[in-house]
Amino acid sequence: QVQLVESGGGLVQAGGSLRLSCAASGLPFSWHTMGWFRQAPGKEREFVAAISWMGNSTNYVDTVKGRFTISRDNAKNTVTLQMNSLRPEDTAVYYCAATRAPSAKITTLYNYWGQGTQVTVSS
């Protein structure tokens with residue numbers, strides 16, 4: 001049974017930082033592209049960042065480039081999202097997801113999802 005478990009969300013003031021983690025089990029982790037998505041109230045789920053199988057390729061949505069960093073540790077089956085210079089518009093539930101697709105920004109390409117962790121940025 002595949003499980004993706006996110007942690008690290010919380011409440012932070014604008015300009016602050018948070019570090020999200022996702023622990024994966026039940027799948028060949030190093031064979032999966034890992035992604036982070038987010039969904040704000042009343043909005044569709046959107047792509048945030050993704051990292052390739054070996055961690056040598058990353059993609060980000062334009063709005064987080066230069067502020068967020070995705071990384072992975074294949075030995076520990078974990079993927080992290082370091083979020084700096086947070087803004088109120090970053091407020092959302094953040095989801096970890098996994099796909100066999102080599103480069104994926106599209107929600108429907110991801111096969112496995114975590115339950116999400118809330119990130120709230122106050123102004």
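Please read all numbers here as calculations on a predicted model, not as lab measurements.
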Can you pull out every disulfide (SG to SG under 2.5 Å) where at least one residue sits in residues 41-102? Sequence neighbours excluded, please.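 Every disulfide (SG to SG under 2.5 Å) pair that includes a residue of residues 41-102, provided the two are not neighbours, is C22-C96.
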Tell me, please, whether W113 has R45 positioned over its six-membered ring: NZ or CZ under 6.0 Å from the ring centre and within 45 degrees of its axis?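 Positive - R45 is close enough to the ring of W113 and near enough to its axis.
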Test the R72-F29 pair against the cation-pi criterion, namely NZ or CZ under 6.0 angstrom from the six-membered ring centroid and within 45° of the ring axis.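 Because its charged atom sits under 6.0 Å from the ring centre and within 45° of the axis, R72 does stack over F29.
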Does any part of the side chain of [Y], heavy atoms only, come nearer than 4.5 Å to the side chain of [X], both counted from C-beta?
| X | Y | result |
| --- | --- | --- |
| L4 | Y95 | no |
| E89 | V121 | no |
| L81 | Y94 | yes |
| I106 | F47 | no |
| V12 | T120 | no |
| S17 | M83 | no |
| H32 | Y112 | yes |

side-chain contact (heavy atoms from CB on, under 4.5 Å) assessment of V64 paired with R38: CA-CA 12 Å; V64 308; R38 64 186 179 187; 4.0 Å; yes
Testing L20, I51, D73, T33 for side-chain contact (heavy atoms from CB on, under 4.5 Å) with V79, which one passes?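 Only match with V79 under side-chain contact (heavy atoms from CB on, under 4.5 Å): I51.
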Minimal non-hydrogen separation, [X] against [Y], with atom names:
| X | Y | value |
| --- | --- | --- |
| P88 | A14 | CD-CB, 4.1 Å |
| L109 | T99 | O-OG1, 2.7 Å |
| R100 | N111 | N-OD1, 3.9 Å |
| A49 | Y60 | CB-CD2, 3.6 Å |

Taking the six-membered ring for Trp and the single ring otherwise, decide whether the centroids of Y110 and F37 are under 6.0 Å apart.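 Centroid distance Y110-F37: below 6.0 Å, so yes.
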Output, in order, the C-alpha distance, side-chain angles, deciding distance and verdict of side-chain contact (heavy atoms from CB on, under 4.5 Å) for I70 and T80. CA-CA 6 Å; I70 188 171; T80 61; over 6 Å; no
Hydrophobic cluster identity match, V5 and L18, side-chain contacts under 4.5 Å: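 Each belongs to a different hydrophobic cluster.
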Strictly below 4.0 Å, N to O, side chains only: are R87 and D90 in salt-bridge contact?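 Salt bridge flag = no for D90 with R87.
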Distance (rounded to the nearest 0.5 Å) between [X] [atom1] and [Y] [atom2]:
| X | Y | atom1 | atom2 | answer |
| --- | --- | --- | --- | --- |
| E46 | Q39 | CD | CD | 9.5 Å |
| Q3 | S25 | CD | OG | 4.5 Å |
| N74 | M34 | CG | CE | 9.5 Å |
| N84 | F68 | CG | CZ | 8.5 Å |

Is a side-chain N or O of E6 found less than 3.5 angstrom from the main chain of T117, in a donor-acceptor match?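 Such a contact is absent between E6 side chain and T117 backbone.
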Regarding S21 and T78, is there a side-chain donor-to-acceptor distance under 3.5 Å anywhere?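 On atom types as modelled, these side chains do not qualify, holding no pair under 3.5 Å.
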